[in-house]
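Working notes, beginning with the structure itself.
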Amino acid sequence: MTEDATKTAVIIEDDPDVRSLLDEVFRSAGFRTVLAGTGLEGVAAVAANRPVITTLDINLPGIDGFEAARRIRAVSGTFIIMLSALGEESDVVLGLTSGADEYLVKPFRPRELRARIEALLRRPRNPEPSPATTAGATPEAGDAAPAARIPAGVAQGAAARNPSVAAAHPPAGTAGRWHAHRDISLDLDTHTVLVAQQEVDLTPTEFDLLATLLESKRRVRSKSDLALVLRGEAFGSASYVGDPDKRAIEAHMANLRRKIGDSTAEPRYIETVRGVGYRLTAHDDAAEG
């Protein structure tokens, strides 16, 4: 990505020392930075500045980082790196479930953060939500978190864009790079995901995981394979993938399955190959008909 006015990072952190360190790391990576000390300030900064990457502490004044992540996801496709001293697996899972793409435990090493930033920059950015779907999406301080959105009327719009999606075939002559399986389809160009003719909102990480599995079809992809994809590296790379990265993949896959209405007990789209990884389910044409 070139260094231009769009290469902005929003840093949401209440500790001045950590905020200063993050500011230094992002500036050294060529970013313009916007600093915020509370969750509400951070959500407003994201909406106003359209950052490529947002860092988010959990223990913030006012709304916490989990709630801030949910509100950010309602208005932005920014990559979210959650930074916290909370390192229990349940905290990591909750952070990723709230919409974070990465989770780093404090104290973190600046070089590791820089590596995560560079990996995110190698990935295609999720398009910003349209004004129609984000209007009024930033709640006031006392409001409940916005639910995962399937925008009103989108079923009709999705059917118009992709009338054959229920049969798992992208429409002939439609622009875009579509991948489909059963009644789920995905367009790489617009980052659109349709399930049973309804548009589903995924985080950039969830989108990349689904795209990888759709492209791989019945070939099993291990957790290490998928972690490398999220780093922007090729399958079979010699890069080390540790247990925290593999657990993060498990959490992202759980979120992805929940959003597309899949089940681990009776998988329709994605099945787990125990001890190996993930792949698409077998496509039973007879059953689909």
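- With rounding to the nearest 0.5 Å, the separation of CG in L56 from CD in E102 is 13.5 Å.
- Of the possible polar contacts, none joining the D183 side chain to the V195 backbone as a donor-acceptor pair under 3.5 Å is found.
- A donor-acceptor contact shorter than 3.5 Å links the side chain of S76 to the backbone of T78.
- When atom types are taken as modelled, the side chain of S185 and the backbone of H179 share no donor-acceptor pair closer than 3.5 angstrom.
- Between the CG atom of L186 and the OG1 atom of T192 there is a distance of 8.0 Å, given to the nearest 0.5 Å.
- Using modelled atom types, one side-chain atom of D101 and one backbone atom of I80 make a donor-acceptor pair closer than 3.5 Å.
- What you find for G37 and L60 is that their closest heavy atoms are O-CD2, 4.2 Å.
- Residues L21 and I53 share a hydrophobic cluster, clusters being chains of Ile/Leu/Val/Met/Phe/Trp/Tyr side chains in contact below 4.5 Å.
- Interatomic distance, S216 OG to Y278 OH, rounded to the nearest 0.5 Å: 14.0 Å.
- Residues G77 and P204 share a closest heavy-atom pair of O-CG, 3.5 Å.
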*Going through the checks in order, is the side-chain contact (heavy atoms from CB on, under 4.5 Å) test met by E250 and M253?*
CA-CA 5 Å; E250 292 174 358; M253 289 299 299; 5.8 Å; no
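- T54 places none of its side-chain heavy atoms less than 4.5 Å from the side chain of F79.
- Distance check: I270 CD1 to L214 CG gives 7.5 Å after rounding to the nearest 0.5 Å.
- The existence of a salt bridge linking R268 and D262 is excluded, since no basic side-chain nitrogen approaches an acidic carboxylate oxygen closer than 4.0 Å.
- For the pair K246 (side chain) and A227 (backbone), a donor-acceptor distance under 3.5 Å is absent.
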*Can T272 and R257 be said to form a side chain to side chain donor-acceptor pair (under 3.5 Å), step by step?*
CA-CA 11 Å; T272 301; R257 280 169 158 158; 2.8 Å; yes
*Could you walk me through whether R73 and S98 pass the side chain to side chain donor-acceptor pair (under 3.5 Å) test, one step at a time?*
CA-CA 8 Å; R73 272 290 162 253; S98 300; over 6 Å; no
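- The line from OG1 of T8 to CZ of R32 is 3.5 Å long, rounded to the nearest 0.5 Å.
- The aromatic rings of F26 and F31 lie perpendicular to each other, with more than 60° between the two planes, well past the 30° mark.
- Here D245 does not pair with K223 in a salt bridge; the nearest charged N to carboxylate O distance is not below 4.0 Å.
- At a threshold of 4.5 Å between non-hydrogen side-chain atoms, the residues L121 and V52 count as touching.
- Among residues at least two apart or in separate chains, salt bridge (charged side-chain N to carboxylate O under 4.0 Å, His left out) pairs with a member in residues 205-217 are R123-D208, E206-K259.
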*Could you give me the CA-CA distance, side-chain angles and deciding distance for R182 and L280, then say whether side-chain contact (heavy atoms from CB on, under 4.5 Å) is met?*
CA-CA 10 Å; R182 294 182 180 267; L280 295 184; over 6 Å; no
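- Of the possible polar contacts, none joining the R221 side chain to the L226 backbone as a donor-acceptor pair under 3.5 Å is found.
- Nearest heavy atoms, D14 versus P61: CB-CD, 3.7 Å.
- Not one N or O on the side chain of N49 forms a donor-acceptor pair closer than 3.5 Å with the backbone of P51.
- If you take CG on L202 and CD1 on I260, they are separated by 8.0 Å, rounding to the nearest 0.5 Å.
- A donor-acceptor pair under 3.5 Å is formed between the side chain of D15 and the backbone N or O of V18.
- The side-chain contact (heavy atoms from CB on, under 4.5 Å) with W178 is formed by just one residue from the set L194, T190, L188; it is L194.
- Side chains of L230 and L209 form a contact here, defined as non-hydrogen atoms less than 4.5 Å apart.
- Residues S84 and D57 come closest through the heavy atom pair CA-OD1, 4.2 Å.
- Under the 4.5 Å side-chain heavy-atom criterion for grouping Ile, Leu, Val, Met, Phe, Trp and Tyr, V220 is not connected to Y269 through any hydrophobic cluster.
- Between R114 and S28, the shortest heavy-atom distance links the atoms NH1-OG, 3.3 Å.
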*Could you go step by step and tell me if I81 and Y103 meet the side-chain contact (heavy atoms from CB on, under 4.5 Å) rule?*
CA-CA 6 Å; I81 303 176; Y103 192 106; over 6 Å; no
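- A search for side chain to side chain donor-acceptor pair (under 3.5 Å) contacts involving E271 returns R218, R279, not counting sequence neighbours.
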*Show the numbers, then the answer: is there a side-chain contact (heavy atoms from CB on, under 4.5 Å) between T203 and L96?*
CA-CA 10 Å; T203 67; L96 298 175; over 6 Å; no
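- Residues D23 and R27 are paired through a salt bridge, judged by an N-O separation under 4.0 Å between the basic side chain and the carboxylate.
- In this structure, D225 contributes its side chain and S222 its backbone to a donor-acceptor pair below 3.5 Å.
- Looking at every heavy atom in both residues, A100 comes nearest to M82 through CB-CB, 4.0 Å.
- With a 6.0 Å radius and a threshold of 12 heavy atoms from other residues, nucleotides or ligands, E24 has its CD atom at or below the threshold.
- With contacts defined as side-chain heavy-atom distances shorter than 4.5 Å, the pair L86/V105 does not qualify.
- By the 6.0 Å contact criterion, CD on E266 is open, its count of non-hydrogen atoms from other residues, nucleotides or ligands being 12 or less.
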